[in-house]
Student: 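The following block contains the structure, expressed as structure tokens.
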Amino acid sequence: MSYKLGFKVNPFLERHGWKQGALSDWDKTSTVKELSFWHEQGYEVVEMLPDHYTGLGSFLAMTDVEWTETRAVIEDAGFQVVGILGWRRMFWREPWIAEKMGDMDRIAEVAKLLGIKVIDVLTAYPLPIVPASCSQPVIGAGGAPARPLFRSLWDATTHDFELCAKMLKAYAQRTADFGASLSLEIHPDCLTDVPISTLRLQEMIDEPNVGVNPDTFDSEWIYPDYPDYIVPTAAEQCKLLAPHVVYWHAKNWVRSLGPDGLWKFTRTHLDEGDQPIDLMAQNLVDVGYDGAAIIECGRGFEYATSPATLRRSRDYLV
């Protein structure tokens with residue numbers, strides 16, 4: 001195995017009192033003790049999660065001093081903060097561009113303070129949504145209007161790709177100044193929802209520090225009713241993506257057809273779902289990938305950070 005196992009660190013920090021303005025109240029000793037345990041279990045890196053929505057959380061308001069202290073605690077436990085997530089940041093349609101690029105500016109500043117190697121970005125509408133299925137309209141949440149699930153193969157325009165590429169090219173050049181790569185996450189409901197569109201955007205950005213996060217979401221599940229000649233098989237996608245991967249959210253799903261004739265998806269453990277995790281892992285090993293494999297799977301409330309999930313994922317990927 002050449003890749004490095006990791007998990008999302010925020011839940012571990014928060015249960016010991018980590019938050020904006022809480023440096024004096026944060027139990028750093030207990031934080032280091034718990035994180036050190038998982039480092040001894042074979043995990044090497046962690047991912048930092050910013051606020052999902054602008055102004056809803058403390059991430060963007062935390063000071064440089066707080067971030068420097070956070071880094072010291074994590075590194076005391078033997079970990080490196082390898083990645084940071086730019087979740088649903090819209091760079092290609094108004095009226096969100098300026099606001100979301102402002103978020104990404106602060107994310108870049110924090111990434112530099114934490115010594116982060118990869119900034120992962122999901123180029124999607126920022127509206128809260130609850131996907132009913134991959135083929136049905138998205139139902140609005142939190143007062144947001146309902147809208148159809150965005151599909152890049154027919155909903156995206158040339159202008160969408162050109163504008164997004166322009167914004168992310170400048171951003172990639174900025175992050176290169178402190179040694180960080182930019183990762184384009186493949187995810188439903190965004191401009192990079194399938195490998196074809198993701199690699200198209202990567203080529204248009206045309207910067208050496210821009211790669212892909214497969215998020216283990218092959219197009220057969222995102223576009224489940226389309227034949228292989230339009231959407232390649234999972235095995236073909238794994239081989240196609242592997243040379244471009246700079247970051248990996250490792251997750252799995254069980255896919256089932258409901259009585260209403262719609263596809264249903266349930267998050268599950270890496271070793272029991274329908275996604276080809278073994279193919280992705282092997283293809284990454286074959287091309288010498290030595291980046292992160294961040295666990296994003298399991299079942300239950302703390303699906304990606306529970307002891308059972310972390311042990312089971314470790315044993316499967318190792």
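Only this structure's heavy atoms are used, side chains among them; waters, hydrogens and symmetry mates stay out.
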Student: Any chance the side chains of W18 and T70 put a donor and an acceptor closer than 3.5 Å?
Tutor: yes

Student: Between Y247 and E47, is there a side-chain donor-acceptor contact under 3.5 Å, judged purely by atom types and distance?
Tutor: yes

Student: Between the main-chain N or O of D64 and the side-chain N or O of T68, is there a donor-acceptor pair closer than 3.5 Å?
Tutor: yes

Student: Give a yes or no answer on whether the side chain of K28 reaches the backbone of L23 with a donor-acceptor pair at less than 3.5 Å.
Tutor: yes

Student: For a side chain to side chain contact (heavy atoms under 4.5 Å, CB included) check, start with the C-alpha distance between V32 and V73, then their side-chain angles and the critical distance, and finish with the verdict.
Tutor: CA-CA 6 Å; V32 171; V73 170; 3.7 Å; yes

Student: Do L35 and V9 come within less than 4.5 Å of each other through their side chains, counting heavy atoms only?
Tutor: yes

Student: Determine yes or no for a side-chain-to-main-chain donor-acceptor pair under 3.5 angstrom, with K169 supplying the side chain and I205 the backbone.
Tutor: yes

Student: Check step by step if side-chain hydrogen bond (donor to acceptor under 3.5 Å, both in side chains) holds for D290 and S2.
Tutor: CA-CA 5 Å; D290 61 357; S2 54; over 6 Å; no

Student: Are any side-chain N or O atoms of S58 and backbone N or O atoms of A61, one a donor and one an acceptor, separated by less than 3.5 Å?
Tutor: no

Student: Would you say the rings of F7 and F12 are close, in the sense that their centroids are separated by under 6.0 Å?
Tutor: yes

Student: When you measure from the side chain of K251 to the backbone of D215, do you find a donor-acceptor pair of N or O atoms at a distance under 3.5 Å?
Tutor: no

Student: For the pair K166 and E162, find out whether any cationic side-chain nitrogen is under 4.0 Å from an anionic carboxylate oxygen.
Tutor: no

Student: Looking only at heavy atoms, what is the nearest atom pair of S183 and V246, with distance?
Tutor: CB-CG2, 3.8 Å

Student: Are V318 and L270 co-members of a hydrophobic cluster defined by side-chain heavy atoms under 4.5 Å apart?
Tutor: yes

Student: Do W92 and F150 have their ring centres less than 6.0 Å from each other?
Tutor: yes

Student: Decide whether R311 and Q41 meet the rule of one side-chain donor and one side-chain acceptor closer than 3.5 Å.
Tutor: no

Student: Report yes or no: does R89 contribute a side-chain atom to a donor-acceptor pair with the main-chain N or O of W87 at less than 3.5 Å?
Tutor: yes

Student: Among D120, T216, N213, whose side-chain hydrogen bond (donor to acceptor under 3.5 Å, both in side chains) with W248 holds?
Tutor: T216

Student: Does a side-chain heavy-atom distance below 4.5 Å link M48 with K8?
Tutor: no

Student: Indicate yes or no: at least one non-hydrogen side-chain atom of Q80 is less than 4.5 angstrom from one of K117.
Tutor: yes

Student: Do you reckon M204 sits in the same ILVMFWY cluster as F91, going by side-chain contacts under 4.5 Å, direct or chained?
Tutor: yes

Student: Evaluate the side-chain hydrogen bond (donor to acceptor under 3.5 Å, both in side chains) criterion for residues Q282 and D286: first the C-alpha distance (whole Å), next the side-chain angles of each, then the deciding distance (0.1 Å), finally the verdict.
Tutor: CA-CA 6 Å; Q282 186 59 55; D286 289 345; 2.8 Å; yes

Student: For the residue pair D103 and T54, confirm or rule out a side-chain donor-acceptor distance under 3.5 Å.
Tutor: yes

Student: Is it possible for you to say whether Y125 and L163 belong to one hydrophobic cluster, with membership spreading through side-chain heavy-atom contacts below 4.5 Å?
Tutor: yes

Student: Ring centroid separation for F161 and H159, is it under 6.0 angstrom?
Tutor: no

Student: Is it true that D105 and R174 have a side-chain N and a carboxylate O under 4.0 angstrom from each other?
Tutor: yes

Student: Does the T31 side chain pair with the main chain of L13, one donor and one acceptor, at a distance under 3.5 Å?
Tutor: no

Student: Identify whether the distance between the nearest side-chain nitrogen and carboxylate oxygen of K4 and E44 falls below 4.0 Å.
Tutor: no

Student: Could you check whether E302 pairs with R15 (Lys NZ or Arg NE/NH1/NH2 to Asp/Glu carboxylate O, under 4.0 Å)?
Tutor: yes

Student: List the atom of Q20, the atom of E66, and the distance in Å for their closest heavy-atom pair.
Tutor: C-OE2, 3.5 Å

Student: Compute whether any side-chain donor of one residue and acceptor of the other, for N252 and T268, lie under 3.5 angstrom apart.
Tutor: no

Student: Quick check: does any side chain N or O of N283 sit under 3.5 Å from a backbone N or O of A242, one acting as donor and the other as acceptor?
Tutor: no

Student: Judged by atom type as modelled, is there a donor-acceptor pair below 3.5 Å linking the side chain of H39 to the main-chain atoms of G78?
Tutor: yes

Student: Taking T175 as the fixed residue, which of I107, V118, I119 is the one that meets the side chain to side chain contact (heavy atoms under 4.5 Å, CB included) rule?
Tutor: I119

Student: Can we say R299 and E272 salt-bridge, meaning some charged N sits less than 4.0 Å from an Asp/Glu carboxylate O?
Tutor: yes

Student: Closer than 4.0 angstrom, basic N to acidic O: yes or no for R200 and E203?
Tutor: no

